[in-house]
Amino acid sequence: MMKERAMDLLKTTREKKSLIHHITNTVTINDCANVTLAAGASPVMASAPEESGNMTLLADALVLNIGTLNENIFSAMIKAGRAANDKGIPVILDPVGVGATAFRTEKAKSLLQLINISIVRGNISEIASLLDVKAKTKGVDAGTVSIFPSELAKQAAKQWKSIVVISGKQDVISDGTSVFHVENGSSLLQSVTGTGCMSASLIGCMAGAGNDLLLAAIVGTSMMGIAGEIAEGTGEKKGLGTFKVHLMDAISLLTPETWKERAKIYESY
Amino acid sequence: MMKERAMDLLKTTREKKSLIHHITNTVTINDCANVTLAAGASPVMASAPEESGNMTLLADALVLNIGTLNENIFSAMIKAGRAANDKGIPVILDPVGVGATAFRTEKAKSLLQLINISIVRGNISEIASLLDVKAKTKGVDAGTVSIFPSELAKQAAKQWKSIVVISGKQDVISDGTSVFHVENGSSLLQSVTGTGCMSASLIGCMAGAGNDLLLAAIVGTSMMGIAGEIAEGTGEKKGLGTFKVHLMDAISLLTPETWKERAKIYESY
Amino acid sequence: MMKERAMDLLKTTREKKSLIHHITNTVTINDCANVTLAAGASPVMASAPEESGNMTLLADALVLNIGTLNENIFSAMIKAGRAANDKGIPVILDPVGVGATAFRTEKAKSLLQLINISIVRGNISEIASLLDVKAKTKGVDAGTVSIFPSELAKQAAKQWKSIVVISGKQDVISDGTSVFHVENGSSLLQSVTGTGCMSASLIGCMAGAGNDLLLAAIVGTSMMGIAGEIAEGTGEKKGLGTFKVHLMDAISLLTPETWKERAKIYESY
């Protein structure tokens, strides 16, 4: 039954063409815009504090990604976040590299305090750092953490009153009560920059088109995993240039039916 | 006869390797640089106010794109624009998202007042907003406007003393007196971010290599449409990753002869 | 014997997954991140002065690229550079466009004065401008210089106490005593933006994984040349979109064995 609702959401997203406002990093901003289009939504990226709030008022969801954060962009995020809260649209936070520097950790925590965040998506060390669980972040990649991801996701979701997505070989998603696992993916996804950021954009597309945040997190996350599998294919190992092209192909051509066939989603009790 | 001159311009652009200075958005800046190279020109992007003027003095054309504008970049644009006017090289303005926020609309209007703009390229709601014709801009995508595009292009061109390009299913180009229509294109072009920005870059390449602004606008605009048709192809629907790669292929391999065969350009009276 | 050490370095780079911190331009930042992953290392890009130093303390090498420099990014570079010097990790400088504007030239010279730079990589007019040898830089492309590249590389390396790489049809690399030539490459490389920046990233990957700066410069430079040859292929001329995809493929799939077979490296006496 969850799969039927997911299929409806994928269909709605292509019909509704929701506007997804991003304040995001300069490394993968182009990929985030293209993946939003590939999912059937419409991206806009306005990172000047002078207009970030007003642009948010036109949007259906807001994605905040701190990959190349600075003070000016932080101000833009606060204004956009407050506008999103006022308008009642979902806010997705991707706390890229939290734990790597004090600046990032502090700013990400401020965002969580000053804005009602609907969905937080990060790797395990980012989520752990944000929750002050002992973790080691290596640059923007996942480090190691001494807690089960499912437990961490649940704790974080409870504390932040958000949906929490912990990406990894197996993605874990919790609303603080239930815990879901997504077992789609490809090992090549971690060798292309921006696949995490693009997952957050896909979650934003789903959150903007629907009204079920947990479902949006599950469907957005699984889309990237499924697209990774399709892009990896079954033949010889692809080069990373071709893999990335096929990844975007797979997202743009993904039908609700293919999603249903391939999605490996489990609830853990 | 216009087609012969267009073919000469395409040839000259590949020979002359003009330097096209861009102050543009961070979303599609890489695509703009690559499309400039694909057209045979040479891109440079210097958006610091400290050097934007001096860099312009080396250039053959200047492209201003407000997709991720902030106050600092606005200052850089003013300095670059004035340098371009002093040097007598063409300035192309792409008023991305005008009408979406007051900040963008005001800044785009200031650019038009403070700099002599040679060519303005936007979608119908952007051009309408800039001319204070009632319009509704949805993020950076075209909204709806209650005026014929050809009439709007003509009015805007007269008022701004510029060439005006209104992109859409059918592109409309006017110098205030004549109106041309370009009927090349692919519906997939709107599903890849930056195809509008890249059109402005192509117009900049043509304007920098030649000395006929109206011709530059027509040829630059039609190149993107023709490349879109070639990239779309005739088989089954392509994924957006592959489509974008084929789009860049088509521009880099476009010969004057293929352009002549495919260009669908009509003057309306 | 140098080839054996180079093969070891390529292998080590894929095993060690060094963290390569970049403060780089917004035009090719995504390509630099992806090429770093394709070489087997891990990229991080933190350009805010508030965190650039701290992020550097986690890294194995630092790449500074002034392609879209401004005052704020310059401050971030100084902090990162000093942290790199304190930690004793290599710093690679790509002085993009030096000579084109006084701002760039002055800032690049300051970087060389204030930071111990391990490797400088640029085209001939950039290196000449930086050394105050008479040169003419056309935007960010190479101009003409009245000195042999090998002599220029040697002089510059002596003066800056750095390894110097001058890219061109034939790449020249010197440590101030020896001079090496790399004769791999493809004419298509100059038609894709960022191939120079990506070379600097590859050099950074090799410098971060090993402990021989001269070898790192030679291997990193030759990787891009070899990947260009493989991507160009032997059939009909490829479009630039496909060429770029195949270039990234070639880097990600490059084995030490293929490198050994194809590398054309000569020492000149």
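Residue numbering restarts at 1 for every chain, and letters A, B, ... go by the order of the sequence lines.
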Next item on the list: Answer yes or no: is there a donor N or O on one side and an acceptor on the other, between the side chain of C:D249 and the main chain of A:G241, under 3.5 Å?
Entry: yes
Margin query: Please give me the minimum heavy-atom distance between C:L37 and A:T193, naming the atom from each residue.
Written below: CD1-N, 3.3 Å
Next item on the list: Could you look at A:V192 and say if it's the side chain, the backbone, both or neither that has a heavy atom under 4.5 Å from chain C?
Entry: both
Notebook entry, point to check: Which atom names give the shortest non-hydrogen contact between A:G239 and C:S252, and what distance separates them?
Noted result: CA-OG, 3.4 Å
Next item on the list: Tell me, out of C:D31, C:N54, C:N34, who's got the most heavy-atom pairs with chain A below 4.5 Å.
Entry: C:N34
Next item on the list: Would you tell me whether A:N30 and C:N30 have side-chain atoms, one donor and one acceptor, within less than 3.5 Å of each other?
Entry: no
Next item on the list: Kindly compute the distance separating CG (A:N25) from OG (C:S47), expressed to the nearest 0.5 Å.
Entry: 10.0 Å
Item checked: Neighbour count above 12 (heavy atom, 6.0 Å) for C:K260 NZ -> no
Notebook entry, point to check: Which bit of A:K244 comes within less than 4.5 Å of chain C, counting heavy atoms only: side chain, backbone, both or neither?
Noted result: side chain
Item checked: Heavy-atom neighbours of C:K264 NZ exceed 12 at 6.0 Å -> no
Note to self: Please check if the number of heavy atoms outside C:N211 that lie under 6.0 Å from its CG is greater than 12.
What the structure shows: no
Margin query: Restricting to non-hydrogen atoms, name the atom on C:M45 and the atom on A:V27 that form the minimum distance, rounded to 0.1 Å.
Written below: CB-CG2, 3.9 Å
Next item on the list: Give the member of A:V245, A:T242, A:T68 that has the highest number of heavy-atom pairs under 4.5 Å with chain C.
Entry: A:T242
Next item on the list: To the nearest 0.5 angstrom, please state how far the CE atom of C:M55 sits from the OG1 atom of A:T101.
Entry: 5.0 Å
Item checked: Structural part of A:L69 lying under 4.5 Å from a heavy atom of chain C -> backbone
